[in-house]
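Below is one structure, written out as structure tokens; the observations come after it.
Counting convention: from 1, in listed order, for ligands and their atoms alike. Quick caveat: nothing in here was measured; it's all calculated off a predicted structure. Quick note: residue numbers are just sequence positions, from 1.
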Amino acid sequence: MTILLGSIADDYTGASDLANTLTKNGLRTVQTVGIPDPSLALPDVDAVVVSLKIRSVAAKDAVAAALEAESWLRGRGAGHVLYKICSTFDSTDLGNIGPVTEALLSVSGGDIALVTPAFPETGRTVYLGHLFVNGQPLDESPLKDHPLNPMRDANLARVLTRQSRGKVGLVDMPTVTGGADAVRARLERLRAEGAAAAIADAVFERDLETLGEAALEMPVSTGASGLGLGLARALLRSGRASASDGENDVIRPVGGLAAVVAGSCSAATLKQLDAAERHMPVLRLDTEKLLAGSDEISAAIAWAGERIAEGPVAIAASAAPEVVSRLQARYGREASGHAVETATAAIAGELVERGVRRLVVAGGETSGATVDRLGIPAFLIGPEIAPGVPLLRTIGAGGNDMLLALKSGNFGGEDFFATALSMMR
Ligand SMILES: Nc1ncnc2c1ncn2[C@@H]1O[C@H](COP(=O)(O)OP(=O)(O)O)[C@@H](O)[C@H]1O
Ligand SMILES: O=C(O)[C@@H](O)C(=O)COP(=O)(O)O
């Protein structure tokens, strides 16, 4: 297998989002969970997205994991590696976007990376280096209350500078509008001034096509699905890849029971859970009890056991910002996030033990913990459920094939859960 485009995703929902975008834009794509075992038979593809769970870990651990994935991808021919980050730039001042981008540059012989989280299809745009989420500056959007990485600064050059050793420049909108040559010239100037990363403005898909064309000539870039779109279209335009129609085998029915497990506390997921109550039983976990060590997990499994034969059920740790803050004040931000993730993953694991084969997981960290717990090695990419969320089919599950959707907390319309489940047979 020779890979044209390699990607390292900092979380699993982000990986499926990017894999969806690459597939929609004509690249045959597979999503692996970590570096695949050599015994895993992967299909012949143009792009591999290696999912890692490194968004919220210490920078040195994120760098080590990303470098291992980079070496695996380059060893299979990847000429360009995209570090897939969140379209809302989720990270902290000790965070990993800067260190991983710089480490990838240093091993690949590159000297500057284009960085943009723009993804216009889901309302993420960057103008003069500032990120807007559905028209709101990042620091005024619901992301200001994220449980693990509250985003309180919309100026991405400033955010990235706080995480980086090198200088951070800007490829502004007038430059992007000037086309790929103007972007190349601007990068040349920034490079001469000693910048190792350049935040790039993008509001429309055509901006991302321009950035994709310029980025493809360099070994490394960092961005969200929008940059993936630009890179995929540039690869097709260059004739190095030819458009594919996607994978039909993905939607073959799997049968079995169906469930939703949610750990995202994003505004979008909270609304989706409220809407789900109209269609299916929804259990709201008591996270205080969960962390106090009472038997919330067994109680949740027993609750599901009484209902799931009749149709899908949903189990959610998700809660409003003030509830999350209370738990964090008591147990600490990281400890409570980790404990809740472990519990939601354990619940998903138990549900699968009891016959669930169609599973929707809401939340990036939540999906990472769940997929790891289930030991799924890789996914084929199916049709899109909502922008940024494809239907996934497990690869290498040894006869226990499953259909999944890993929903980024912020993505999907109000009826997402019902829509996703209706596409899984
Ligand atoms: N009620 C709660 N209190 C505190 N933390 C919670 C609660 N419910 C979920 N969490 C944690 O919040 C984090 C949500 O992150 P994630 O799953 O990545 O969602 P998103 O995709 O919205 O970012 C996870 O670490 C999860 O375990
Ligand atoms: O780019 C995006 O917004 C998503 O692909 C993504 O990474 C979302 O992360 P979570 O909200 O933590 O799922």
- prompt: Within the structure, does D17 bring an N/O atom to less than 3.5 angstrom of an N/O atom in ligand 2?
  reply: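 For ligand 2, there is an N or O atom that lies under 3.5 Å from one belonging to D17.
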- prompt: Backbone or side chain, does any N or O of D10 fall under 3.5 Å from an N or O of ligand 2?
  reply: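 The answer is no, given that D10 and ligand 2 share no N or O pair closer than 3.5 Å.
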field: Minimum-distance protein heavy atom relative to atom 9 (O) of ligand 2
entry: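 Protein heavy atom with the smallest distance to atom 9 (O) of ligand 2: R55 NH1, 2.8 Å.
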Before accepting this row, confirm whether a basic side-chain N of the pair [X]/[Y] lies closer than 4.0 Å to the acidic partner's carboxylate O.
{"X": "D295", "Y": "K289", "answer": "no"}
{"X": "D274", "Y": "R284", "answer": "yes"}
{"X": "K53", "Y": "E341", "answer": "yes"}
{"X": "D153", "Y": "R158", "answer": "yes"}

Is there a polar contact, in the sense of an N or O pair closer than 3.5 Å, between [X] and ligand 1?
{"X": "G337", "result": "yes"}
{"X": "H338", "result": "no"}
{"X": "E365", "result": "yes"}
{"X": "T366", "result": "yes"}
{"X": "K407", "result": "no"}
{"X": "G364", "result": "yes"}

query: Should F119 be listed as contacting ligand 2, given a heavy-atom distance under 4.0 Å as the test?
result: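 Heavy atoms of F119 never come under 4.0 Å of ligand 2.
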message: Looking at ligand 2, is there an atom of it that comes within less than 4.0 Å of some heavy atom belonging to K84?
response: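 Contact check K84 vs ligand 2: positive.
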Distance under 4.0 Å to a non-hydrogen atom of [X]: what atoms of ligand 1 satisfy this?
{"X": "A319", "value": "1 (N)"}
{"X": "A317", "value": "1 (N), 2 (C), 7 (C), 8 (N)"}
{"X": "P147", "value": "12 (O)"}

